[in-house]
Amino acid sequence: MKLDFNKKYTTIAVYTVITFAVCLLLVVFVQESEKISAGLKTVAKVLAPVTWGVVIAYILNPVMMLSENGLKKLLEKKKERPKLVRSLSVFLSMILLIAILIAFVAILIPQIVDSIVGIAGNFSTYLSNFEKWIYKFVEDYPDIYNFVQDQFNSIQPKINEFVNNLIPQLANIAVKLKDGAIGLIGGLKDFVIGFIVAIYLLFSKEKFIAQARKMVLAIFPKNFAQSLFNVASHANKTLGGFISGKILDSTIIGIITFICMTIMKMDFVALISVVIGVTNIIPFFGPFIGAIPSAVLLLVAAPKQVIPFVVFIIILQQFDGNILGPKILGDSTGLSPFWVMFAIFVGGGLFGFAGMLLGVPVFAVIYSLISDFINFLLRRKGMSADTGDYYAPAAETSPSSKRDFVNKPVSEIFKSRKKKQDGETEAAVNDNKDDSEK
C-alpha cells in the first residue's frame, strides 16, 4: 500500500518538529546553564595551548610571509628551495617574537616593579603631598577648605579600619596568591606549548587550509561552501589588518610616550608608557582608559606634572587619531563611530578586555555580511542597493509633498525616478542632436 503524503501538511509537521526541538534545547540550556558553562570552561582549558598556538601563528604570519618573500629572492635565484625558505622564515619570526618578549621582560618589567614598589612604600608621602597641594589650591575658599579638611581627617580612620579588617584575611589572601601563582605557571606552560604548536601551524599552514577546504566542500553544497570561503577570506582580511595594524600603532604610541615623558622628566615613565600603549589597542575609548588612571597616579605622587601630562596626552592622541592611525590602519573596518562604540560596549560587556579589542573587527565582518545579504535581497527584487536612493528628496519642501512621498510605495518612487532620469537623458540626446545639426 502506497502512502500519499500531502506536501503542505508534511512541511507544517517538519517546521513544528524543528520549532519544538529548538524550544526544548533552549529550556535545557537555561536549566543546565551552570553545567554547560563548566563544561565549556573545561574544554577551553584543555584547548588553551592550541588556542595560544593559533593566536601566535596568526600574529606572526605576516612577519613570516615578509621574511619568506625576501629569502626567496636570495636563495632561489637558480633553484627553488621551499622547505628551506619556509624553515628560515618561521625561525626568524620566532626569534623576533622571543627577542621582543625578552626585551620587554628585561627592560620594562624591572622598572614597572620598581614603580609599583615605590608607590606602595611612599604612599603616605604621596598622600601628604597631595593633601598639601589641595590645601594650597583651595586656601582662598574657606568653605571648600573646611570641607576638604574634614574629608582628609576622615580618611585616616578608614585606612586604619581597612588594615585591621585586612589582617584576619591574610590567610585567605595567601591562598588566593598561591592559586594565582599556580594559574600563572599553568598559563606560562600553555603559552610555551602554544609556541611549539604555532611553529607547526606556520610551517604547514597551506596543508591545514587545504584540509579545511576539502572538509567544507565534502559536507556542504558547492555554492554554500564558496560563500563560506568568501566569508572566511573577508574575516581574515579584516581581522588580520586590524589586529596587526593596531598592535603596531599602539607600540609606536607607547614608545613615543616613553621618550617624551623621559625628556619631560616625569615620574613612573615605564609604567605609564606600558599602560598607555596597551590600552591604546582598544579603539575609541583606549586612550581615555589609559590616560585617566595615569593622570590620577601623577596627581597623587607629583601634582605639578598632571597638567603637562594631560596636555601631552591630548596632543599625542590627536596625532594618533588624525595622522598615525589612518596611515597604519586606513579604513580597515569601514564602520561609523556609532557602530564602533556599539561593538566596544557589547564586546566588552560579554568578553571583557578581549571583547573590547576584537569586538570592532568581528562586528565589522558581521556588519559587512548583513549589508551584503540585504543588498542581495534588494537586487533580487529589482531595487537599488545604493543607500543614497532611500533618502527623502531634498527638493521636496512642502509638507503635503513630503507626506505624499512617505505614503507613496517604494516601487512608484523608483518608477518616477527612472522616468525622470530617462527624460533627462532623452533631453540631453536631443540637445546634442540639435547642436550637431547646427
Side-chain angles (χ1 to χ4, degrees), residues 33-65 67 86-87 89-110 112-113 116 173-209 211-212 215 232 235-236 239-240 242-244 246-248 250-251 254 274-275 277-282 286 347-362:
S33 58
E34 294 184 359
K35 293 182 180 179
I36 294 174
S37 177
L40 291 176
K41 289 181 180 179
T42 302
V43 173
K45 186 177 180 180
V46 172
L47 296 178
V50 178
T51 305
W52 272 112
V54 172
V55 171
I56 295 171
Y58 194 81
I59 293 174
L60 289 182
N61 183 59
V63 180
M64 186 198 72
M65 296 303 297
S67 303
R86 175 57 58 87
S87 301
S89 302
V90 174
F91 177 75
L92 291 175
S93 303
M94 292 299 173
I95 289 296
L96 177 62
L97 178 60
I98 293 172
I100 292 174
L101 293 176
I102 291 175
F104 182 82
V105 172
I107 298 174
L108 293 179
I109 294 297
I112 294 173
V113 172
I116 295 174
I173 294 175
V175 173
K176 291 181 180 179
L177 289 175
K178 182 194 72 174
D179 295 339
I182 294 174
L184 178 62
I185 294 173
L188 291 175
K189 180 201 71 174
D190 293 338
F191 180 80
V192 172
I193 298 175
F195 201 84
I196 299 172
V197 171
I199 294 176
Y200 285 101
L201 290 175
L202 288 173
F203 192 82
S204 304
K205 68 169 190 173
E206 289 84 3
K207 181 179 179 180
F208 291 123
I209 293 174
Q211 290 175 341
M215 182 179 65
N236 174 62
L239 287 172
F242 180 83
I243 293 174
S244 59
K246 202 61 182 174
I247 290 175
L248 177 60
S250 300
T251 302
V274 171
V275 171
V278 171
T279 56
N280 193 72
I281 296 177
I282 302 173
L350 293 176
F351 304 105
F353 180 81
M356 296 179 75
L357 170 60
L358 298 176
V360 173
V362 170

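Partners of Asn61 by side chain to side chain donor-acceptor pair (under 3.5 Å), not counting sequence neighbours, listed by chain and number: Lys205. For Lys207, the salt bridge (Lys or Arg N to Asp or Glu O under 4.0 Å) test picks out no residue, with sequence neighbours left out. Listed by chain and residue number, Leu201, Ser204, Gln211 satisfy the side chain to side chain contact (heavy atoms under 4.5 Å, CB included) test with Phe208 (two or more places apart in sequence, or in another chain). Applying the side chain to side chain contact (heavy atoms under 4.5 Å, CB included) test to Leu248 and every residue at least two apart in sequence or in another chain returns Ile252, Ile328. Scored by the side chain to side chain contact (heavy atoms under 4.5 Å, CB included) test, Ile196 finds Tyr200 as partners (sequence neighbours excluded).
Once rounded to the nearest 0.5 Å, the distance linking CG of Leu92 with CE of Met64 reads 11.5 Å. Taking CD1 from Ile199 and CZ from Phe195, the interatomic distance works out to 5.5 Å, rounded to the nearest 0.5 Å. With rounding to the nearest 0.5 Å, the separation of CD1 in Ile59 from CD1 in Ile247 is 4.5 Å. Between Leu96 atom CG and Leu101 atom CG the span is 9.5 Å, to the nearest 0.5 Å.
Ala198 and Ala57 make their closest contact through CB-N, 3.9 Å (heavy atoms, listed as atom of the first residue, atom of the second, distance). The two residues Leu202 and Met94 come nearest to each other via the heavy atoms CD1-CE, 3.8 Å. Contact detail for Ile56 and Phe191: the closest heavy-atom pair is CD1-CE1, 3.7 Å. Smallest separation of non-hydrogen atoms from Ser250 and Gly277: CB-O, 3.2 Å.
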Would you list the atom pairs, donor with acceptor, under 3.5 Å between side chains in residues 48-55 and any protein atom, with sequence neighbours excluded?
residue : atom : partner : partner atom : Å
Thr51   : OG1  : Leu47   : O            : 2.9

